[in-house]
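Written out below as structure tokens is the structure these notes cover.
Note: hydrogens, waters and symmetry copies are ignored here, and every other heavy atom, side chains too, is used. We name chains A, B, ... by the order of the sequence lines, and we start the count at 1 in each one. Fair warning: this is a prediction, and the values are worked out from it, not measured in the lab.
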2 protein chains.
Amino acid sequence: MSETAIQTYTRADEAFDCLQTAIVKGDLAPGEKIGEVELCSRFNLTRGPLREALGRLESRGLLVRRPHAGVKVVSVSADELIELYRIREVMEGLAARQAAERMTDEEIRDLLATLDTHEKMIEEAQGQAYYQAEGDYDFHHRIATGSRNTKLAQMLLGDLYYMVRMYRYRLSTSAGRPHMALGEHRRIVEAIAQRDGELAEFLMKRHINAARQNIEQKIQEGVLTI
Amino acid sequence: MSETAIQTYTRADEAFDCLQTAIVKGDLAPGEKIGEVELCSRFNLTRGPLREALGRLESRGLLVRRPHAGVKVVSVSADELIELYRIREVMEGLAARQAAERMTDEEIRDLLATLDTHEKMIEEAQGQAYYQAEGDYDFHHRIATGSRNTKLAQMLLGDLYYMVRMYRYRLSTSAGRPHMALGEHRRIVEAIAQRDGELAEFLMKRHINAARQNIEQKIQEGVLTI
DNA sequence: CTAGAGGTTATTGTCAACAATCCATAGACT
DNA sequence: AGTCTATGGATTGTTGACAATAACCTCTAG
């Protein structure tokens, strides 16, 4: 993302971004079957670039496409959401460990600074789940890139986070434990600052595990219907 | 992969498969800059479906595309290959654990049967690294799908394995320890058969870790130049 | 002789028309 | 009345031509 600014923003890139945010934000409901011409008029595109974008989105698993039958936004069950967190647990655990070994001192300082910002944001906008979610995303984003593991960052940022965020927007909650999460974040950063990769991995895994259990519980309570 | 056979095999799918195997087999060298018309004439395609396939391959990280500058096959450094194994370690560890919890008895029987087949193949074709590699791929493939974790299987089968196989073909070795690997495979399957997820995860992680160290050593010895 | 600027060319990005395929509706048969 | 079949319509897949952009080569100046 922060690699090199794309000189020319091609129409296909535009289509890709538009569709991706539309899916993530829920403007395109999951399971919704949608025509190509419909999408073209909606985003002011022609079918060429659109189809290219559709191909990319399909291979990222955000939508499915049956030949001659149209595209539909992927609809993920509650079970599959849980599975997503299981994957995050091991992958972000690895990211935290490698981040502890490889982040620069400056990156760690920045990470600490963002935590302070998040804390203020939470206090100011009490209960505004949106800010909490954004801060959470920022935190995990920095650790993923800090791992210096190109493919790992690519898989986390390009695949998993978008799917998770899709649910974040839809459920708007799933957070519900802002201060607790912040404390866990702090301890992870501490471990990274001390260059203790093993501990960072352990704490990160436990952090995501807790988030998973939180969601699981809410689903069982019937608060979250998916 | 074994979901539902695609009724109509679209040209874009064809292009995607052709290009993917070409990249994996090394017919398209990494770093090689290649034009679209060149590719069209090579695979008897038109540019429309080709571009769609290129988009898919780009988002899977097999090639990079600069606007107006053409596509080039991704060239991965030795370090990045090692990183790939680090990712495999945690992800396949998870896959093994979930496979132990969820595979049907029949799937486990099949898994055992394939191991026997592999053993015979190794004995027959002494040193033929190719067969060993194929058997190894089959083993990991089965466990990934056996995890019943859709996204996990998708990421392993759709992303990681293709990149690893790309190197397998190029180096043709990287195996070099056929019998040892087979023994490790057997122990993993035993753990799965006993429904011991924790042990299966541990053994799988150690298995991939050993493979990584094997490659790392060969790179240091200068046997593998990437 | 080297470095930079400008034009040319080839390659990529985009578009609109054509062909192939599936879905739905209507009709006929059991 | 229900179900199967066939035809029409709409939607997707494909194609080739057109426009825009960047790379390359040449020419000039220092």
Side-chain angles (χ1 to χ4, degrees), chain A residues 3-23 27-75, chain B residues 3-23 27-75:
Chain A
E3 307 256 62
T4 50
I6 310 162
Q7 299 100 333
T8 50
Y9 195 64
T10 171
R11 309 283 271 198
D13 291 326
E14 191 185 328
F16 181 73
D17 288 346
C18 283
L19 283 175
Q20 181 154 271
T21 58
I23 292 172
D27 295 342
L28 267 53
E32 188 179 347
K33 194 168 143 194
I34 196 159
E36 290 187 2
V37 285
E38 160 89 27
L39 288 172
C40 288
S41 60
R42 196 143 146 190
F43 296 107
N44 269 49
L45 294 161
T46 59
R47 285 183 55 215
L50 180 87
R51 283 181 62 81
E52 201 179 315
L54 289 178
R56 284 201 245 176
L57 289 172
E58 185 190 19
S59 102
R60 292 208 178 179
L62 281 173
L63 49 82
V64 290
R65 202 138 74 117
R66 275 219 334 252
H68 300 281
V71 303
K72 77 170 203 274
V73 180
V74 76
S75 61
Chain B
E3 307 257 59
T4 51
I6 311 161
Q7 299 103 332
T8 49
Y9 195 63
T10 172
R11 308 285 271 194
D13 291 326
E14 190 184 329
F16 182 74
D17 288 346
C18 282
L19 283 175
Q20 182 154 274
T21 58
I23 292 171
D27 296 341
L28 267 52
E32 187 179 348
K33 194 168 142 194
I34 196 159
E36 290 187 3
V37 284
E38 161 90 26
L39 288 172
C40 289
S41 59
R42 198 144 147 189
F43 296 106
N44 269 49
L45 294 162
T46 60
R47 285 184 54 217
L50 180 86
R51 284 181 62 79
E52 202 179 314
L54 289 178
R56 282 201 247 177
L57 288 174
E58 186 190 19
S59 101
R60 291 207 178 179
L62 281 172
L63 49 80
V64 290
R65 202 140 73 117
R66 276 223 328 257
H68 300 281
V71 303
K72 75 172 205 276
V73 180
V74 75
S75 62

Show the distances under 3.5 angstrom between N or O atoms of the protein and N or O atoms of nucleotides 12-16 of chain D.
unit_1, atom_1, unit_2, atom_2, d
D:dT12, OP1, A:E36, N, 3.2
D:dT12, OP2, A:E36, N, 3.2
D:dT12, O3', A:H68, N, 3.3
D:dG13, OP2, A:E36, OE2, 3.3
D:dG13, OP2, A:R51, NH1, 2.3
D:dG13, OP2, A:R51, NH2, 3.3
D:dG13, O3', B:T10, OG1, 3.3
D:dG13, N7, A:R47, NH2, 2.7
D:dG13, O6, A:R47, NH1, 3.1
D:dT14, OP1, B:T10, OG1, 3.0
D:dT14, OP1, B:R11, N, 2.5
D:dT14, OP2, B:T10, OG1, 2.9
D:dT15, OP2, B:T46, OG1, 2.3

Nearest-0.5 Å distance that lies between atom CG in A:L39 and atom CG in A:L19: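 Nearest 0.5 Å value for the CG-CG distance: 6.0 Å.
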Atom pair NZ/CD1 of A:K72 and A:I34 - distance to nearest 0.5 Å: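 Answer rounded to 0.5 Å: 13.0 Å.
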For B:E36, all residues meeting side chain to side chain contact (heavy atoms under 4.5 Å, CB included), sequence neighbours excluded: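 B:E36: side chain to side chain contact (heavy atoms under 4.5 Å, CB included) contacts with B:R47, B:L50, B:R51, B:L54, B:R65.
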Any residue meeting side chain to side chain contact (heavy atoms under 4.5 Å, CB included) with A:A12, in chain and number order, not counting sequence neighbours: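 Per chain and number, A:A12 pairs via side chain to side chain contact (heavy atoms under 4.5 Å, CB included) with A:T10, A:P49, A:E52, A:R56.
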Atom-to-atom span, NZ of A:K72 to P of C:dC23 - whole angstrom: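 Computing the A:K72:NZ to C:dC23:P distance gives 12 Å.
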Separation of C:dC22 P from A:K33 NZ (nearest whole Å):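 So the two atoms are 13 Å apart, to the nearest Å.
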Atom of B:L57, atom of B:I23 and distance for their closest heavy-atom approach: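 So the minimum-distance heavy-atom pair works out to CD1-CD1, 4.3 Å.
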